[in-house]
Amino acid sequence: MYPFRSTEAKWRKIWEDNYADATPSIVSSSDKKCYVLEMLPYPSGKIHMGHVRNYCIGDVIARYKKAQGYKVLHPMGWDAFGMPAENAALQNGAHPRDWTYSNIESMKQVLLPLGLSYDWDREIATCSDEYYGHEQRLFIEMHEKGLVYRKDSWVNWDPVDNTVLANEQVIDGKGWRSGAVVVKKQLEHWCLRITAYADELLQNLEQLKIAEERHRGYAVEGWPEKVLIMQENWIGKSEGLSVNFEICEGDFGEIVALTVFTTRPETLFGASFCAIACGHPLAERLAQTDAGVAAFIQECQRTPATEQAQSTAEKMGYRSKITVRNPINPIETIPVFVANFVLMEYGTGAIFGCPAHDERDFAFAEKYKLPIRSVIHGTSDSLPYVELDGTMVNSSFLDGMTVLDARKKASDYIESLSSGVRQTTYRLRDWSVSRQRYWGCPIPMIHCEHCGIVPVPKEDLPVKLPADVSFNEPGNPLDKHPTWKHVKCPKCGAPATRETDTLDTFFESSWYFLRNCCPHDAEPVNKEALNTWMPVDVYIGGVEHAVLHLLYARFFTMVLNDLGYINLREPFATLMTQGMVCHMSYQDENGKWLGPDEIEKDASGGYVTKDGGRPVIIGRAEKMSKSKKNLVNPEQMVETYGADALRIFIMSDTPYEKDFDWNTEALEGAWRYLNKVWRICEQLCEKYTFSSNSNDSVNVNDVSKGSLLATAHKYLQRIEISLNENAFHKAIALHRELTRELEREIDAEQGSSLSEMAEVLKIWISVLMPFAPHISMEAYHQLFKPSDLMMHLPWPVLRPELAFVERVTIAVQVNGRLRATFDADVDVDTSMLSEEAQALSGIQKFIDGKVIKNIVIVKNKLVNIVVE
RNA sequence: GCCCCUGUGGCGGAACUGGUAGACGCGAUAGACUCAAAAUCUAUUACCUUUCAGGUGUGGGAGUUCAAGUCUCCCCGGGGGUACCA
């Protein structure tokens with residue numbers, strides 16, 4: 001039995017004592033680097049299987065790259081600010097700092113036994129004054145650049161706790177802790193001008209599709225398509241035209257025209273109505289004189305304000321008494337509706353409707369019997385026709401043009417009339433970073449009655465959080481602190497107050513990957529270190545960060561480039577989003593979640609509750625969560641089966657990007673496999689004595705075809721391919737096949753020479769090392785007894801001439817059905833294949849007495865004989 | 001609603017540019033070893049039949065092809081994102 005406990009402890013100690021995973025320095029330009037990074041965890045106190053999966057993926061890549069001779073940067077840190085620390089303070093009186101640091105410590109005690117190759121010397125906790133002090137300096141420099149500003153806008157406000165709540169903390173319109181009805185409150189807060197980068201954030205998505213080859217040495221997918229699409233939608237750029245429709249009747253004071261925004265100016269000739277939002281100034285004016293409009297607006301306001309209710313509400317409109325004139329087609333006037341589906345917040349709060357080419361407008365026109373006039377002759381006659389291929393019709397001077405040409409021409413025309421301007425709108429909003437919370441980075445600003453807002457002088461940084469705070473009163477402890485906020489104005493010396501808002505925790509995670517390159521530098525970042533290590537070559541994390549974190553981090557990189565700190569615009573060359581770790585969940589007949597320890601098998605093999613034998617409903621595998629009681633504790637698994645077994649298991653069976661179904665029996669299978677590996681090693685140690693410097697490789701000419709060494713190289717080649725495409729589960733499957741080949745040779749007692757066997761075993765053990773490092777190191781040392789202790793194993797050098805396949809199996813089909821196979825030399829002449837196939841006895845009976853119409857021969861693959 | 005992904009044995013999943021479907025693992029069945037159990041090893045494991053052989057099979061239906069899990073069209077199921085964005 002493989003003594004995994006002692007072996008794993010032994011190797012962890014060796015690695016630790018020898019700083020085996022210290023980040024190497026890059027000395028020459030020929031050094032290849034690889035920066036492997038996993039999204040930094042929040043120190044909640046528990047390491048769960050999702051973390052384990054995330055870090056195992058990163059570690060396999062880091063170790064593989066290291067073995068291949070890359071200089072690898074593989075750091076770990078803690079995203080340590082945030083609300084849970086304050087909630088803990090409220091619940092059990094622990095200081096957020098103590099709570100956070102003790103969680104970090106306990107999580108680290110679970111991570112260390114996994115044998116992850118982190119350079120712990122670079123560990124960062126974002127709540128350290130050192131880290132957030134640098135962050136404050138970046139904030140001030142952004143302020144100097146005009147990228148930070150104060151803004152008045154609406155926030156979720158809990159009137160009992162006197163605090164802003166995040167959207168996630170508003171449940172059914174009530175504060176999650178106080179239960180008070182959350183109100184919208186207008187508040188001054190700090191914003192980052194991310195919209196200034198909207199265009200670049202959007203445009204660069206294109207280049208993120210493919211990772212630049214120089215970072216990996218082979219072509220590889222950059223970012224997953226779905227993440228790129230999500231970011232694109234989030235930024236939501238639309239280019240169009242705002243057009244003024246002259247109001248034909250009535251006097252509305254300063255309002256003489258209705259301005260609408262459109263992305264389809266080419267369809268202006270198809271306009272048959274305009275619609276405005278209930279909150280539009282014109283609607284309010286109309287309501288004063290038109291009781292029908294007023295009643296309609298009231299009716300709309302009865303719909304609950306939740307997004308859910310609004311989006312499912314029926315689309316309704318009310319036809320006002322006024323009409324407007326379409327500037328492109330002034331001989332016609334069209335009616336104006338007040339409509340519940342037009343949003344005041346987007347565009348101008350007014351639209352024109354072209355029913356023939358927009359689904360919603362079409363439905364609206366049918367409902368209110370409005371004209372539907374097609375202006376695009378497209379590839380289909382059914383309406384609405386929303387495609388863009390086609391030619392313009394019924395559109396005066398646009399007739400005959402393509403849609404895109406007409407769009408340009410119509411826009412030019414409207415602009416020449418001064419009836420509108422081209423306009424680009426974005427869905428992306430500036431990033432509000434103020435939080436009325438204690439456990440965050442203090443915003444380094446001072447409010448002075450005389451000088452206004454004054455940044456804290458850089459030499460006074462960091463602005464440290466006070467340790468002595470009370471959570472007994474509601475509201476922001478910083479604001480309530482007796483002394484902390486009172487300072488002198490750095491400019492005029494008059495009494496002034498500190499900003500008591502702290503930064504959103506996404507701020508810390510927006511630049512930690514840069515700090516990781518130079519965690520001990522006196523400056524926020526060190527340009528040379530960034531030039532060396534950035535970009536992150538492989539970034540691994542959950543898809544839930546597809547938009548916010550990854551967008552903010554990209555934004556920061558661009559800003560830090562503009563501030564002169566770094567020489568690149570995009571921080572992450574490749575992004576890998578791993579799937580969730582799921583587990584079977586159980587419920588009783590009342591829907592109460594049951595843990596595995598609360599159920600048992602009954603006589604018929606079904607599950608019942610231990611308590612009372614009530615029936616148990618077995619749910620599908622769901623994401624592990626405390627509430628569903630389907631958690632599996634990683635610590636316990638390492639204790640029972642060892643780190644290597646857990647590592648190899650979690651990388652097996654399922655592609656990394658898909659959800660992973662936990663299965664403790666299969667983990668046991670991985671444990672059995674490692675025991676087998678160990679048993680084989682023990683046998684080999686008895687049988688062979690390898691000289692410690694048996695590094696001379698076997699001459700190719702001395703290796704016989706079909707020998708184990710040739711087989712090992714074939715597997716090495718396939719394993720490399722699998723690893724290069726991040727198909728870790730396939731690499732493990734191939735290793736198991738190779739193990740079987742090795743066992744077969746041992747059983748057969750046949751003949752690889754000593755040096756052949758040495759090379760075979762080096763391949764066999766070294767390719768296992770990224771997955772199961774402890775057992776691999778131990779096995780290697782037992783077998784080869786190197787004179788100096790090794791910290792890592794080098795990746796075996798593939799010998800393509802040995803990996804070359806000499807014999808292939810040819811499939812023989814008759815009329816496309818497989819009837820036989822035979823072996824042939826690779827690349828044998830096609831006519832030979834044909835003859836041999838027809839001569840096979842198993843084939844004769846299918847072709848005897850029939851006319852052969854055709855024979856399809858695919859070299860090295862198959863012969864298909866077509867008869868009759 | 002729209003967009004994206006996905007559908008292969010009891011289960012997780014393999015299958016390079018269309019070319020032997022089910023690698024590898026889990027589970028299951030039988031056997032060996034054992035006083036017995038565990039561990040280990042061997043064999044079988046898509047389905048059906050008249051089983052030294054043949055037929056059917058990759059959600060369903062059509063099509064292209066000598067050949068379709070793979071390509072095209074239609075339909076159905078599952079998952080995710082997003083939402084009146086003009």
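So you know, we letter chains A, B, ... as the sequences are listed, proteins then strands, and number each from 1. Values in this document were obtained by computation on a predicted structure and should not be read as measured data.
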Heavy atoms only, 4.0 Å cut-off, all strands: where does [X] land among base, sugar-phosphate and nothing?
X: A:T821; result: base
X: A:R819; result: sugar-phosphate
X: A:H735; result: nothing
X: A:V866; result: sugar-phosphate
X: A:Q813; result: base
X: A:K730; result: sugar-phosphate
X: A:V260; result: nothing
X: A:R736; result: sugar-phosphate

Choosing from [options], which nucleotide comes nearest the side chain of [X]?
X: A:P655; options: B:rC66, B:rG12, B:rA14; answer: B:rA14
X: A:R427; options: B:rC26, B:rC85, B:rG81; answer: B:rC85
X: A:A733; options: B:rC66, B:rG81, B:rC24; answer: B:rC24

Taking the [atom1] atom in each of [N] and [M], what is the distance between them to the nearest angstrom?
N: B:rU6; M: B:rG69; atom1: C1'; result: 14 Å
N: B:rA23; M: B:rC73; atom1: P; result: 32 Å
N: B:rC5; M: B:rA86; atom1: C1'; result: 28 Å
N: B:rU49; M: B:rG63; atom1: C1'; result: 31 Å
N: B:rU64; M: B:rG1; atom1: P; result: 33 Å
N: B:rG59; M: B:rG9; atom1: P; result: 7 Å
N: B:rU65; M: B:rU72; atom1: P; result: 16 Å

Nearest-0.5 Å distance that lies between atom CZ in A:R53 and atom CZ in A:F649: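 Reported value, rounded in 0.5 Å steps: 10.0 Å.
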Donor on one side chain, acceptor on other, A:E741 and A:T711, under 3.5 Å: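 Distance-only check fails for A:E741 and A:T711.
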[N] - base-pair partner by Watson-Crick or wobble geometry, distances under 3.5 Å:
N: B:rA28; answer: B:rU44
N: B:rG1; answer: B:rU82
N: B:rU70; answer: none
N: B:rA36; answer: none

Atom CD of A:E806: over 12 foreign heavy atoms under 6.0 Å: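 Yes, the 6.0 Å shell around CD holds more than 12 heavy atoms from other groups.
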Closest non-hydrogen atom pair, A:P355 against A:G270: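 Closest approach of A:P355 to A:G270: CD-O, 3.8 Å.
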A:R718 and A:E720 ion-paired at < 4.0 Å: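 Salt bridge between A:R718 and A:E720, a charged N being under 4.0 Å from a carboxylate O: no.
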Lys/Arg-Asp/Glu bridge criterion (N-O < 4.0 Å) met for A:E682, A:R679: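 Between A:R679 and A:E682 there is no salt bridge, as every charged N stays at least 4.0 Å from the carboxylate O atoms.
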A:R817 (side chain) and B:rA67 (base): donor-acceptor pair under 3.5 Å: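 Counting by modelled atom types and ignoring angles, no donor-acceptor contact under 3.5 Å is found here.
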base_contact_polar (B:rC16 base, A:K861 side chain, donor-acceptor, <3.5 Å):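 Yes, a donor-acceptor pair under 3.5 Å.
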